[in-house]
Amino acid sequence: MGDFKGKTVIITGAGRAVLSDGRCGSIGYGIATAYAKEGANLVITGRNVKKLEDAKKELEEKYGIRVLCVQADVCAGADNKAVVENVVKQTVDTFGGIDVLINNAQASASGVTLADHTTEQFDLALYSGLYAAFYYMQACYPYLVKSRGSVINFASGAGLFGNYGQCAYAAAKEGIRGLSRVAANEWGKDGINVNVVCPLAWTAQLEQFKQAYPDAYEKNVHIPPMGHLGDAELEIGRVCVQLASPDFKFMTGETITLEGGLGLRP
């Protein structure tokens, strides 16, 4: 067990997903696995209860930690503040506090051009990503002040580079980057560090995107110089562990771009 034994980490969008070759196919689950290996208590959220329960079963059996699953969906038309506050209440009731918040969850209609995007598709990306990060950060703030904890938000190269067919996704992710920078400035005095990760990892979602939109995939997904896309646990999850560790507190406000194991700070 590592530095996070007894600490509590909330990870949104952390249901278990599997690639066609049987490997882990979810960034959220990769992050959860990395923290589980460090002994952390985990709170994992998502829309799919079965994926959450599968993740809980495997993580608890393999690593001897405690995992709380909470079904949660931030979406247009819902009482999203109440949805998030329920997650936070269950977390505090179960574990007593919050040390790390990781806003990983995101849904979008990738492959749809700007001219063809509908309002519903745009709302899907904004609510599941940007609004979710906003509500979770607000709700967790009092507990992060007490723990002098960390926030890790997920953005994307789609926003940095303007990827074809990802207008709503890019907009949501750029909103998250802006929100994170403000939080880093405002919350630094509270001892809370806030960082952004822009990953490029091989996931079940990306695998499905390649199958459904091969043209968009070829235009937007390029193998980085190291010759492979990032591993969800070893190259994404481990960075998230490092960013929340005491040794990395000085990095607040940074954007970390991960492409096949490369960690860059633009």
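Remember, it's a predicted structure, so these values are computed and weren't measured experimentally. Residue numbers start at 1 and run along the sequence shown.
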Non-hydrogen side-chain atoms of Glu235 and Val239 separated by less than 4.5 Å:
no
Any side-chain heavy-atom pair of Leu42 and Leu59 under 4.5 Å:
yes
Cluster overlap Val112 with Leu114, hydrophobic side-chain contacts below 4.5 Å:
no
Working to the nearest 0.5 angstrom, can you tell me the gap between Ile44 CD1 and Ile11 CD1?
7.5 Å
Pairs satisfying ring-ring contact (aromatic ring centres under 6.0 Å, His included), at least one member in residues 85-116, at least two apart:
none
Less than 3.5 Å apart, any donor N or O on the side chain of Asp3 or Ser245 sitting next to an acceptor on the other?
no
Quick one: pull up CZ in Arg16 and OG1 in Thr33 and give me the separation to the nearest 0.5 Å.
9.0 Å
Identify the heavy atoms of Ser150 and Ala244 that sit nearest to each other, and give their distance.
OG-CA, 3.5 Å
Salt bridge (charged side-chain N to carboxylate O under 4.0 Å, His left out): pairs with one or both residues in residues 151-171, sequence neighbours excluded
none
Single-linkage hydrophobic cluster, 4.5 Å side-chain cutoff, Val92 and Tyr135 together:
yes
Side-chain (Thr12) to main-chain (Asn104) donor-acceptor, under 3.5 angstrom
yes
Validation row: Arg148, Ile192 side chains within 4.5 angstrom (heavy atoms)
no
Does Val70 reach the side chain of Leu68, with side-chain heavy atoms less than 4.5 Å apart?
yes
With hydrophobic residues grouped by side-chain heavy-atom distances under 4.5 Å, do Ile27 and Tyr169 end up in a single group?
no
Using modelled atom types only, decide if a donor and an acceptor are shared between the side chain of Thr203 and the backbone of Ser26 within a distance under 3.5 Å.
no
Quick check: closest heavy atoms across Thr91 and Gly97, and the distance to 0.1 Å?
CG2-O, 3.9 Å
Nearest 0.5 Å, what's the CD-CG distance between Glu207 and Leu229?
11.5 Å
Quick one: closest heavy-atom pair of Gln71 and Val49, and the distance?
CG-CG2, 3.5 Å
Rounded to the nearest 0.5 angstrom, the OG-CZ distance for Ser128 and Arg47 is 7.0 Å
side-chain contact (heavy atoms from CB on, under 4.5 Å) evaluation trace for Lys7 with Asn41:
CA-CA 6 Å; Lys7 294 188 177 182; Asn41 300 315; over 6 Å; no
Of all the heavy-atom pairs spanning Ala201 and Ile236, show the shortest one and how long it is.
CB-CG1, 4.2 Å
Look only at the side chain of Gln106 and the backbone of Ala125, and say whether a donor-acceptor pair between them is shorter than 3.5 Å.
yes
Same hydrophobic cluster for Phe134 and Val182, using side-chain heavy-atom links shorter than 4.5 Å among ILVMFWY?
no
Minimum-distance pair of heavy atoms, taken over all atoms of Thr45 and Ala72
CB-CB, 4.3 Å
According to salt bridge (charged side-chain N to carboxylate O under 4.0 Å, His left out), does anything in residues 60-78 pair up with another residue at least two apart or in another chain? List the pairs.
Lys56-Glu60, Lys57-Glu61, Glu58-Lys62
Approximate separation, where rounding is to 0.5 Å, of Asn195 CG and Ile152 CD1
7.0 Å
Mind checking side-chain contact (heavy atoms from CB on, under 4.5 Å) for Leu130 and listing every partner two or more places apart, or none if nothing turns up?
Leu126, Ile176, Leu179
When you measure from the side chain of Glu38 to the backbone of Lys5, do you find a donor-acceptor pair of N or O atoms at a distance under 3.5 Å?
no
Show me the side-chain donor-acceptor pairs of residues 153-167 shorter than 3.5 Å, one per line, residues at least two apart or across chains.
from	atom 1	to	atom 2	distance (Å)
Asn153	OD1	Asn103	ND2	2.8
Asn153	ND2	Ser180	OG	2.8
Ser156	OG	Ala158	N	2.9
Asn163	ND2	Gln166	OE1	3.2
Gln166	NE2	Ser110	OG	3.3

Counting C-beta onward and ignoring hydrogens, is there a side-chain heavy-atom pair between Ile10 and Ile98 closer than 4.5 Å?
yes
What ring-ring contact (aromatic ring centres under 6.0 Å, His included) pairs are there with at least one residue in residues 98-118, not counting sequence neighbours?
none
Salt bridge (charged side-chain N to carboxylate O under 4.0 Å, His left out) against Lys50, all qualifying residues, sequence neighbours excluded
Asp54
Only pairs at least two apart or in different chains count here, so list each ring-ring contact (aromatic ring centres under 6.0 Å, His included) that has a residue in residues 178-221.
Tyr141-Trp187, Phe209-Tyr213
Crowded around Leu234 CG? As in, over 12 foreign heavy atoms under 6.0 Å?
yes
Restricting to non-hydrogen atoms, name the atom on Gly13 and the atom on Ala105 that form the minimum distance, rounded to 0.1 Å.
N-CB, 3.7 Å
Quick one: which residue pairs count as a ring-ring contact (aromatic ring centres under 6.0 Å, His included) with a foot in residues 28-48, not counting sequence neighbours?
Phe4-Tyr35
Could you name each residue pair satisfying salt bridge (charged side-chain N to carboxylate O under 4.0 Å, His left out) that touches residues 93-112, not counting sequence neighbours?
Lys89-Asp93
When rounded to the nearest 0.5 angstrom, what distance separates CG in Asp231 from CZ in Arg238?
11.5 Å
Test side-chain contact (heavy atoms from CB on, under 4.5 Å) applied to Tyr127 - qualifying residues, sequence neighbours left out:
Ala76, Asn80, Asp123, Tyr131
Test item: Val74 and Val84 side chains (from C-beta on) under 4.5 Å apart, heavy atoms:
yes
Would you say that Cys75 contacts Leu124 through its side chain, given a criterion of any heavy-atom pair below 4.5 Å between the two side chains?
no
For Lys146, which residues count as a side-chain contact (heavy atoms from CB on, under 4.5 Å) partner, sequence neighbours excluded?
none
